[in-house]
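Report on one structure; see the data block that follows.
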2 protein chains.
Amino acid sequence: MRSLVGDRAPGTPAPSERELVDRFGVARMTVRQALDALVGEGVLERHPGRGTFVAGPRRTPTGVRGLTDELALRGVVVETRTLVAESVPAGEAMAGAFRVHPEEPLVRWVRLRVGDGRPVCLSETYLPAAFAGDLLDHLPASLYDELAARGHRPTWAEDAVSAGLATDEEATLLEVPQGSPVLRLTRRALDGETVVEMSRSVLRGEDYTLHLQLRD
Amino acid sequence: MRSLVGDRAPGTPAPSERELVDRFGVARMTVRQALDALVGEGVLERHPGRGTFVAGPRRTPTGVRGLTDELALRGVVVETRTLVAESVPAGEAMAGAFRVHPEEPLVRWVRLRVGDGRPVCLSETYLPAAFAGDLLDHLPASLYDELAARGHRPTWAEDAVSAGLATDEEATLLEVPQGSPVLRLTRRALDGETVVEMSRSVLRGEDYTLHLQLRD
DNA sequence: CAGTGGTCTAGACCACAGT
DNA sequence: CTGTGGTCTAGACCACTGG
């Protein structure tokens with residue numbers, strides 16, 4: 001069915017509902033349901049009294065992506081330097097966030113992301129050992145891809161963004177002068193009701209820009 | 001129809017489809033379409049083989065809101081001090097953004113937002129004079145409410161966020177020490193295909209946190 | 001005007017939950 | 001097993017669009 005609109009130019013009319021009824025020998029309600037799905041996906045647009053047409057490219061709001069994917073989208077090749085990768089007890093704060101016991105182990109992963117040869121982001125990520133324990137054995141290039149592969153792709157994230165000044169350590173790692181402005185980003189990422197990631201990131205403030213698309 | 005689920009607790013079962021058929025004397029397809037709409041709105045959840053239930057509160061991604069609304073959501077009372085409100089020629093850059101002639105007039109509105117008595121944000125907003133020209137006569141408390149009232153509620157926005165250091169002028173207006181970290185936010189807001197707002201904002205970086213909810 | 005999508009009827013069979 | 005939602009048929013009338 002999807003083949004009927006495969007890569008056609010936006011505005012191209014789709015076959016009418018009654019024509020599809022004849023062509024496939026099904027009821028019109030069935031055709032409508034199939035078309036409804038495509039309309040829901042933004043593939044088609046209905047125009048009452050005129051017809052159904054191939055929709056233009058849809059604007060999609062910023063989704064839940066890791067920095068690696070985010071930068072890759074902009075054509076930046078990202079290299080990751082792992083500074084720390086260990087298993088640590090959750091502790092009070094993280095235990096609350098992950099809703100586990102404070103003694104429960106978490107994976108802690110401190111990374112420096114380098115884009116096009118320059119340090120861009122310093123991040124500290126916590127993951128539940130329950131499904132990320134063996135991550136320490138072979139660290140993935142993209143955390144979000146790896147989570148997805150394990151059936152825990154984050155579908156929801158809450159970010160808090162503020163500006164600050166680089167500490168001495170941050171300045172050294174990010175290779176910026178002390179006191180340079182940085183973006184501080186803390187994230188809580190969920191898959192359904194389970195928290196799959198908590199992270200704190202520090203980004204070069206003047207060079208890196210966070211791009212957001214918002215709908216409605 | 002919506003009355004059937006009016007403010008019931010999440011998890012409460014809705015009447016079965018066949019029961020609604022009897023009660024309203026309509027076909028089941030009709031009932032399903034009505035229920036489909038409510039499911040689409042996130043009011044109901046279907047559970048095949050079990051029934052249809054009142055859905056829990058839905059997580060909604062960050063939408064297109066002005067700073068006034070944004071802060072109001074967090075209980076901060078915002079006062080706006082207008083520094084400049086004038087009509088100016090678009091100029092090259094803005095003409096491109098708004099897709100108008102460089103000589104076309106735009107409304108330029110420079111505001112200082114004060115939340116709970118402290119300056120929070122300095123913003124420079126450009127609007128098409130076509131539907132915002134008379135805005136200069138009586139400036140609204142909430143720009144987005146006013147745009148909505150004029151049938152130009154922004155449904156799409158693209159933000160770029162970065163960190164920087166306050167210039168002398170910014171520091172003075174925001175009442176922070178010179179060289180303080182600030183969040184710089186530039187926004188392009190659209191209603192459909194028409195650009196309704198371009199703005200540049202500077203926010204106190206250490207005190208103000210941008211909160212984002214991302215889906216999928 | 002003829003053709004379109006929007007909506008509706010009154011049935012039907014299926015896969016799946018819970019008992 | 002019964003009841004649920006998921007899907008389907010083969011018609012029907014409406015409001016709207018374009019020529």
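Within every chain, numbering begins at 1; the chains are lettered A, B, ... in the order of the sequence lines, protein sequences first and strands thereafter.
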Checklist entry - In whole Å, what is the span from the CZ atom of B:Phe24 to the C1' atom of C:dT9? => result 17 Å

Checklist entry - With sequence neighbours excluded, what pairs up with B:Asp36 under the side chain to side chain donor-acceptor pair (under 3.5 Å) test? => result B:Arg46

Item to check | Qualifying residues under side-chain contact (heavy atoms from CB on, under 4.5 Å), relative to A:Leu83, sequence neighbours excluded | outcome: A:Val110, A:Leu112, A:Leu122, A:Leu173

Item to check | Side chain B:Arg204, main chain B:Leu174, donor-acceptor under 3.5 Å | outcome: yes

Next on the checklist: Does C:dG6 have its OP1 or OP2 closer than 4.0 Å to a side-chain nitrogen or oxygen of A:Arg46?
Outcome noted: yes

Item to check | Whole-Å distance separating the NE2 atom of B:His47 from the P atom of D:dT4 | outcome: 15 Å

Next on the checklist: Between the side chains of A:Arg81 and A:Glu79, is the shortest nitrogen-to-carboxylate-oxygen separation below 4.0 Å, so that they form an ion pair?
Outcome noted: yes

Next on the checklist: Using whole Å, what does the distance between atom C1' of nucleotide D:dG3 and atom CD of B:Glu19 come to?
Outcome noted: 12 Å

Next on the checklist: Please list all pairs meeting ring-ring contact (aromatic ring centres under 6.0 Å, His included) that have one or both residues in residues 74-127 of chain A, counting only residues at least two apart or in different chains.
Outcome noted: none

Next on the checklist: Show me the pairs that pass salt bridge (Lys or Arg N to Asp or Glu O under 4.0 Å) and involve residues 83-99 of chain A, at least two apart or across chains.
Outcome noted: A:Glu86-A:Arg108

Checklist entry - Does OP1 or OP2 of D:dG3 have a side-chain N or O of B:Ser16 closer than 4.0 Å? => result no

Checklist entry - Which residues satisfy the side chain to side chain donor-acceptor pair (under 3.5 Å) test with B:Thr62, sequence neighbours excluded? => result B:Gln213

Checklist entry - In terms of side-chain heavy atoms of B:Thr30, which of C:dT9, C:dG5, D:dG5 is nearest? => result C:dT9

Next on the checklist: Just to be sure I follow the notation: if a pair is Watson-Crick (purine N1 to pyrimidine N3 plus N6-O4 or O6-N4) or a G-U wobble (N1-O2 and O6-N3), each under 3.5 Å, what dot-bracket string does DNA chain D give, with | for pairs to another strand?
Outcome noted: |.||||||||||||||||.

Checklist outcome for this item: When rounded to whole Å, the CZ to C1' distance for the pair B:Arg32 and D:dC8 reads 11 Å

Item to check | Whole-Å distance separating the CG atom of B:Leu35 from the P atom of C:dC8 | outcome: 12 Å

Item to check | Contact letters for nucleotides 10-19 of chain D, in which S counts primed atoms plus P, OP1 and OP2 and B counts the base, heavy atoms under 4.0 Å | outcome: B-BB--BBS-

Next on the checklist: I'd like to check the ring-ring contact (aromatic ring centres under 6.0 Å, His included) partners of A:Phe53; sequence neighbours left out, ordered by chain and number.
Outcome noted: A:His47

Checklist entry - Partners of A:Ser123 by side chain to side chain donor-acceptor pair (under 3.5 Å), sequence neighbours excluded? => result A:Arg113

Checklist entry - Rounded to the Å, how far apart are B:Leu20 CG and C:dC8 P? => result 14 Å

Checklist entry - At under 4.0 Å, does any side-chain N or O of B:Gln33 touch on OP1 or OP2 of C:dT7? => result no

